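Before any comments, here is the structure.
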Protein chains: 2
Amino acid sequence: MKDAKNVTITDSEWIVMRAIWTMGHATSRELIDAMNELEGWSASTTKTLLHRLIQKQAVAQYGDSRPFTYKPVVGEKESMAAAADDLFDHMCAMRAGSTIAGVIQSRELSRADIANLQAILAEKAKTAPEEVQCNCLPGDQTC
Amino acid sequence: MKDAKNVTITDSEWIVMRAIWTMGHATSRELIDAMNELEGWSASTTKTLLHRLIQKQAVAQYGDSRPFTYKPVVGEKESMAAAADDLFDHMCAMRAGSTIAGVIQSRELSRADIANLQAILAEKAKTAPEEVQCNCLPGDQTC
DNA sequence: TTATTGTGACTACAGTTGTAAACTAATAAG
DNA sequence: CTTATTAGTTTACAACTGTAGTCACAATAA
């Protein structure tokens, strides 16, 4: 999973990011407690993850005296978009449509979400091609 | 990335799967050549990946004499759906809508794909909730 | 001012992944 | 039948991940 700056954020790091995004900013204590409650992780585990996220510049440390504050450097929306694009880049272009269909069916979406998607689709329909080509192999085989 | 049987298929393995899905069935020679052309991999690399896929039961070996044939055991559509679900499971439920919107905007979709998505959305709109809750943390904080 | 504790940094370690070499067994060529 | 070639199996190895212990230092309490 890639984040907005194209750094890979691993699954466990992703969980920490979600907490930080939701809280807006947090101390390590808050994160340690949240992760302990949510995942049963030991304090060390959360600290390590937090550190790796700082190294990857997905999170930054603020403050001058000791209980530092941690804030996200990368945005949630952008990171999720990047992760999603990363996934779709690994699949056959021809299958994107039906995969999206599956996702839409299996997720809860609000009325506003749906209206938004409908608007986007209506717009996109204007210039949509008849067919999308398979891009899995060199040559013109199709899956 | 999880496949249909809930086994993790890694990024490079995914590339091999795409080739096998597209070809329908293939010999190792065909795969080695395709992967070499597509990714510049050495024969060994493709062999290793193919082996791991067999162990994971994502691919099976057919035939009784030596140039064996390899065929997918897991379906492409199901595997992609599983991978997509896996991704969305790691993100905030509240953000699914806008992430899907981003994906739709950035991908090529055929007229038929779009029509299908529109039909699904119309149906889904009938029972859509006003709001989707954030599920990132215990308690009712929202991101 | 010293003892205690909370917070951050460093180390650890097994399992997975990406990439490939080496080895072995089967088949084809001479 | 022997040799060369190809296909399949084992081994390798560094980087990355998940998970966590230990050490050092700053803040606080005694």
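Being a predicted model, the structure only gives us computed values, none of them experimental.
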>> Can you pull out every side chain to side chain donor-acceptor pair (under 3.5 Å) where at least one residue sits in residues 93-106 of chain B? Sequence neighbours excluded, please.
In response: Glu76(A)-Arg95(B), Asp85(A)-Ser106(B)
> Who passes side chain to side chain donor-acceptor pair (under 3.5 Å) against Asp33(A), sequence neighbours left out?
Replying inline: Arg29(A)
>> Show me the pairs that pass ring pair (Phe, Tyr, Trp, His ring centres under 6.0 Å) and involve residues 12-39 of chain B, at least two apart or across chains.
In response: Trp14(B)-Trp21(B)
All N/O pairs under 3.5 Å across the protein-nucleotides 26-30 of chain D interface:
residue	atom	partner	partner atom	Å
dA27(D)	OP1	Arg66(A)	N	3.1

> Between atom CD in Gln55(A) and atom P in dA15(D), what is the gap in whole Å?
Replying inline: 15 Å
> Taking DNA chain D as the partner, which of residues 16-34 of chain A come within under 4.0 angstrom of it by heavy atom?
Replying inline: none
>> If you count every heavy atom of other residues, nucleotides or ligands that lies below 6.0 Å from Glu39(B) atom CD, does the total exceed 12?
In response: yes
> Going by number, which of residues 39-54 of chain A have a non-hydrogen atom under 4.0 Å from DNA chain D?
Replying inline: Trp41(A), Ser42(A), Ser44(A), Thr45(A), Thr48(A), Leu49(A), Arg52(A)
> Between atom CD in Glu13(A) and atom C1' in dC16(D), what is the gap in whole Å?
Replying inline: 10 Å
>> Going 5' to 3' along DNA chain C, between which two nucleotides do contacts with chain B fall, using a heavy-atom cut-off of 4.0 Å?
In response: dT17(C) to dT27(C)
>> Holding to side chain to side chain contact (heavy atoms under 4.5 Å, CB included), I want the full list of residues that pass it with Asn36(A), two or more places apart in sequence or in another chain.
In response: none
>> Going by ring pair (Phe, Tyr, Trp, His ring centres under 6.0 Å), name the pairs with one or both residues in residues 59-87 of chain B, residues two or more places apart or in two chains.
In response: none
>> Holding to side chain to side chain contact (heavy atoms under 4.5 Å, CB included), I want the full list of residues that pass it with Ser42(A), two or more places apart in sequence or in another chain.
In response: Ser44(A), Thr45(A)
> In chain order, what residues pass the side chain to side chain donor-acceptor pair (under 3.5 Å) check against Gln55(A), with sequence neighbours excluded?
Replying inline: none
> When the distance from CH2 of Trp14(A) to P of dG18(D) is rounded to whole Å, what number comes out?
Replying inline: 13 Å
> Could you give all pairs that pass the side chain to side chain donor-acceptor pair (under 3.5 Å) test and reach residues 133-143 of chain A, with sequence neighbours left out?
Replying inline: Asn135(A)-Arg18(B)
